[in-house]
A.B. asks: 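Mind having a look at this structure? Questions to follow.
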Amino acid sequence: MEKMLMTGNEAAARGAWEAGLLFASAYPGTPSTEILENLSNYRESLYCEWAPNEKVALEAAIGASLAGARSMAVMKHVGVNVAADPLFTFAYTGVTGGCVLISADDPGMHSSQNEQDNRNYAAAAKVLMLEPSDSQETKDFVKLAFELSERFDTIVMIRMTTRVCHSKSIVTLEDRQEHAVPDYKRNISKYVATPANAKLMHVKLSERIANMTEYSNASPLNTSEYGGAKVGVISAGVAYQYAKDAFGEDVSYLKIGMSYPMPMKLVEEFASRVEKLYVVEELDPYMEAQIKAAGIACIGKAIIPERDELNADIVRKSIFGNEAETLMTEKEAVMRPPTMCAGCPHRGFFYALSKRKNIVVTGDIGCYTLASAPPLSTMDSCFCMGGSISTGHGAAKVFELTGKKERVVAVIGDSTFFHSGITSLMDAVYNKSNSVSVVLDNRITGMTGQQDNPGTGYTLMGEETNEADIPAICKAIGIKGDNIYLVNPLRLDESGAAIDDALSKNEPTVIITRWPCILKKATGNDRAEFDLSPKKCSINQEKCTKCRVCVNTGCPAIYSGKEIVINSESCTGCAVCKQACRFDAIDMIAKTV
Amino acid sequence: MSVVKSIILVGVGGQGTILASKILSEGLMEAGYDVKMSEIHGMSQRGGNVSTQIRFGDKVNSPIVGKGEADIIVAFEKMEALRWLEYLKPGGRFVINDFEIPSAPILMGKAAYPEGILEELSVKANTAIFKAGEIAERIGNTRTMNIVLLGALVKALGMDGVDWAAAIKRNVKAGFEDINISAFEEGQRQVEG
């Protein structure tokens, strides 16, 4: 059989395809995004889509299961917070077609705002959970998850983590097994969660937990390796790989592949065979708490960190106290923080915004959050997807009620606006906020790597589709026509005038900026609407006074050394620096390449 | 425990570290090794530093390399070599592209690009230094810089026996196979075995 190096995300897509999956829905989010992107490569035998948010993605997958298909919803860890509402009730009803929810957690917060441990969700919602530790297991577990979902009549959660999602290891490929969709039958008592029905569903859920627990104790997903009676290690997910490197072959392991319900009988047996028991897990003491609650002595978070991701070094140091010998130097590498790209349309708008006084900028999740970093430093908060407009509304009300001089500008991206910003804007409109909401429409979902969304006119399957109209949405939820501003964010005068005019009003206003992400592969419509011809800027050293105003736009193409120069390779000719320059020292020239 | 070798490739977004790592891992897999490769995505696309880590041997557990554990570090940019020094095993080897990409604080004039990196690192470890970009330019395509560095890495690793040409051909654009193989061979000449 063919073997291939695959990331966990590629393997998850492959496993779902092999299992006969018919329907998948997701909202992009690192480290989960590539699962659906890879799944779309199998589009000839299945259907997959980007949903506006994770709740919608899970609900669509639930509907597909109700209609009898094997279905899947995929999201990053914080996405499960958004999808938690349908998850908890779907846990009651059970499934028709097997249904899988992949949660991609991000220990260490490589690309996230928190590092919550979503194993807690499986325990709280009482749904079967699997934790793969490499790509082969990811493929195997995803395939098995569909069977288990149908066998135990429950949605199955798969908890992946960044290092499982984005690490490649060898996977054996198999063929797809088609899964027939049965004829539809109405089943009111199973699927209509009214209080009367739900009481009975809850009883069934308890029975299901008993069945799943029995399976967990006998399941090949939970395996032990005997390496002596002195030390035993219980671990799960990629932490198992770290434990193997740290402890070596002379200890016994119990590897937990199914971590809800926990196989407590297996754990008891294993614990009775070893003198000292360690629990090695990333983030929360999820397993440790259950093991201790069963009266079994073990060592875990007392010595192993519960913050940040683990690795073999950290486990080794925690357990044995020894660290590898390393080479050292007095020299220090300068930080290399991510920045907005040269030519990023957000830079112009935020540069204009940074010049306004007494404003509080509530931020959201996207590339524009980089505006919080120097030199722009134009952001006051960032919590969650879609939260900028509603937190901005709350803050604006308090400033207004208490007669403070501050005014609120809430900023949000196009994809984030569709995700959950629309309901926030409705709150601001309905409750007569004087906050200025800004939709930074860069015609794509940028931060996660160029995914289509309801505003781009294309689907994940690569088809043309209906396009959401942001100004029309704003108007429809009650923003007055005069209070909707459409601006080119690369024009400092346009952006500044819109901000000033919006701030002069004491009612809800929306500024919509519209220019494609510089990394976006332009569509025909983009080329028709925007002047994307190659250009670049160059500094006239005779006129340059080295005032550094251009440097303070934060453009990575501008280098401030003995002279201030623009790197012609990376400059895209967006001309934000040229507009900021007060000495007319920056020229616009056609790009010669 | 079986012997596992660890390699780290470091650079800045857009330098082609991920493609080089992909070719390396595939070649090693074809040669019969168990291989794991880990990369960090996401914010790194926005001018941040990029690292990929490869571990190979009879049986590999952790996909990531610990401090003091890398047998070889290939730095596509020299300040990145400095940043990752503590990951190099004492006695390990550095392959460094003599090339500077200033980071945001340096561009803004808030910090200076550290001086004397190459001299410092040469004292600490067995270090091969060359200008991969210029070599790539001489061959006729600056974008083959990553493959020049891959050639040097393979030589330093002593893995010349693997069919690298096949792995390269599978992974580069049609029509660019020969120039990439030249780049690879030129890279091999930059390092003593």
Side-chain angles (χ1 to χ4, degrees), chain A residues 3 5 7 30-31 33-34 110-111 134 162-164 166-170 238 240-245 248-249 311-314 316 323-341 367 370 373-375 447-449 519 548 551-552 554-556 558-561, chain B residues 1 4 12-13 21-22 25-26 29 34-49 53 60-69 79-90 92 101-117 120-121 124-125:
Chain A
K3 285 180 189 287
L5 267 172
T7 61
T30 314
T33 312
E34 301 85 4
H110 296 281
S111 312
D134 63 15
T162 300
R163 297 297 184 174
V164 175
H166 286 170
S167 293
K168 285 190 174 185
S169 53
I170 299 170
V238 77
Y240 164 77
Q241 309 286 2
Y242 305 147
K244 286 283 280 191
D245 275 350
E249 301 298 326
N311 58 37
D313 273 351
I314 295 170
R316 208 174 282 128
E323 282 181 86
E325 190 194 334
T326 57
L327 299 166
M328 310 228 241
T329 174
E330 303 273 292
K331 284 191 189 299
E332 270 185 56
V334 180
M335 289 220 326
R336 199 181 286 282
T339 55
M340 288 178 192
C341 304
C367 290
L370 295 169
M447 176 122 263
T448 46
L519 299 176
R548 302 173 50 81
V551 174
N552 287 325
C555 177
I558 303 177
Y559 190 1
S560 168
Chain B
M1 219 187 323
V4 172
V12 179
S21 308
K22 184 164 183 248
S25 328
E26 278 188 23
M29 183 184 81
D34 186 20
V35 184
K36 285 187 180 174
M37 165 184 156
S38 187
E39 55 193 66
I40 284 299
H41 296 220
M43 304 286 274
S44 56
Q45 280 187 352
R46 313 287 175 269
N49 42 309
Q53 317 196 349
V60 180
N61 296 313
S62 167
I64 50 176
V65 178
K67 286 181 183 165
E69 200 191 3
M79 189 166 74
E80 294 311 309
L82 179 62
R83 192 185 314 282
W84 286 83
L85 174 67
E86 61 177 345
Y87 282 81
L88 191 65
K89 184 188 282 182
I101 302 177
S103 65
I106 299 168
L107 291 172
M108 286 188 271
K110 305 268 186 219
Y113 194 97
E115 286 179 12
I117 291 178
E120 172 81 0
L121 297 181
K124 305 278 176 193

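In what follows, every heavy atom counts, from backbone to side chain, and hydrogens, waters and symmetry copies are set aside. By convention in this document, chain letters (A, B, ...) are assigned in the order of the sequence lines, proteins followed by strands, and residues within each chain are numbered from 1.
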A.B. asks: Shorter than 4.5 Å, heavy atoms on both sides: which option in A/Pro375, A/Gly554, A/Ala324 has the most such pairs with chain B?
C.D. replies: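 If we count pairs closer than 4.5 Å to chain B, A/Pro375 comes out on top.
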
A.B. asks: If you tally heavy-atom pairs under 4.5 Å against chain A, which of B/Leu85, B/Val65, B/Ile106 wins?
C.D. replies: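 That would be B/Leu85.
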
A.B. asks: Heavy-atom pairs under 4.5 Å with chain A are the metric here; pick the option from B/Glu26, B/Lys36, B/Glu69 that has the most.
C.D. replies: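 Top option by heavy-atom pairs under 4.5 Å: B/Lys36.
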
A.B. asks: Does any non-hydrogen side-chain atom of B/Ser103 lie less than 4.5 Å from one of A/Pro556?
C.D. replies: no

A.B. asks: Less than 4.5 Å apart, any side-chain heavy atom of B/Pro63 and any of A/Val238?
C.D. replies: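 B/Pro63 reaches A/Val238 side chain to side chain.
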
A.B. asks: Less than 4.5 Å apart, side chain to side chain, heavy atoms only: is that true for A/Tyr242 and B/Asn61?
C.D. replies: no

A.B. asks: Among B/Met108, B/Glu120, B/Lys67, which has the most heavy-atom pairs under 4.5 Å with chain A?
C.D. replies: B/Met108

A.B. asks: Measure the shortest side-chain to side-chain distance between B/Arg83 and A/Glu332 over non-hydrogen atoms and say whether it is less than 4.5 angstrom.
C.D. replies: no

A.B. asks: NZ/A/Lys168 to OG/B/Ser21 distance, rounded to the nearest 0.5 angstrom?
C.D. replies: 9.0 Å

A.B. asks: Among the options A/Leu327, A/Val551, A/Ile314, A/Leu5, pick out the one with the most heavy-atom pairs lying under 4.5 Å from chain B.
C.D. replies: A/Leu327

A.B. asks: More than 12 heavy atoms of other residues, nucleotides or ligands under 6.0 Å from NZ of A/Lys3: yes or no?
C.D. replies: no

A.B. asks: Once rounded to the nearest 0.5 Å, what's the spacing between atom OG of B/Ser62 and atom CG of A/Asp313?
C.D. replies: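 Output value for this atom pair is 9.0 Å.
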
A.B. asks: Quick check for you: to the nearest 0.5 Å, what is the distance between B/Glu39 atom CD and A/Ser167 atom OG?
C.D. replies: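 The OG atom of A/Ser167 is 8.0 Å from CD of B/Glu39, to the nearest 0.5 Å.
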
A.B. asks: Is B/Ala112 close to chain A through its backbone or its side chain, or both, or neither, when contacts mean heavy atoms under 4.5 Å?
C.D. replies: backbone

A.B. asks: Please report the interatomic distance OG1(A/Thr329) to CG(B/Leu121), rounded to the nearest 0.5 Å.
C.D. replies: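 The distance works out to 7.0 Å.
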
A.B. asks: Find the one option among B/Ala104, B/Ala111, B/Gly116 whose heavy-atom pairs under 4.5 Å with chain A are most numerous.
C.D. replies: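 When all of B/Ala104, B/Ala111, B/Gly116 are compared, B/Gly116 has the most.
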
A.B. asks: Below 4.5 Å from any heavy atom of chain B, which atoms of A/Thr33 appear? Answer side chain, backbone, both or neither.
C.D. replies: neither

A.B. asks: Compare all side-chain heavy atoms of A/Val334 with those of B/Pro114 and state whether any distance is below 4.5 angstrom.
C.D. replies: yes

A.B. asks: Could you check which of B/Val35, B/Asp34, B/Leu88, B/Leu82 has the highest count of heavy-atom pairs closer than 4.5 Å to chain A?
C.D. replies: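 Ranked by heavy-atom pairs under 4.5 Å with chain A, first place is B/Leu82.
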
A.B. asks: Check each atom of A/Arg316 against the heavy atoms of chain B and say whether the ones under 4.5 Å are side chain, backbone, both or neither.
C.D. replies: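 Contact with chain B: none, neither part.
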
A.B. asks: Under 4.5 Å, counting heavy-atom pairs only, tell me which of A/Val164, A/Ile170, A/Asn311, A/Asp134 racks up the most with chain B.
C.D. replies: A/Ile170

A.B. asks: Non-hydrogen atoms of chain A under 4.5 Å away: do they reach the side chain of B/Lys110, the backbone, both or neither?
C.D. replies: neither

A.B. asks: When you measure from the side chain of A/Arg336 to the backbone of B/Met79, do you find a donor-acceptor pair of N or O atoms at a distance under 3.5 Å?
C.D. replies: no

A.B. asks: Counting C-beta onward and ignoring hydrogens, is there a side-chain heavy-atom pair between B/Tyr87 and A/Thr326 closer than 4.5 Å?
C.D. replies: no

A.B. asks: Given a strict heavy-atom distance threshold of 4.5 Å, which part of B/Glu115 is in contact with chain A: side chain, backbone, both, or neither?
C.D. replies: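 For B/Glu115, backbone heavy atoms alone lie under 4.5 Å from chain A.
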
A.B. asks: Give the member of B/Met29, B/Lys124, B/Glu80, B/Glu86 that has the highest number of heavy-atom pairs under 4.5 Å with chain A.
C.D. replies: B/Met29

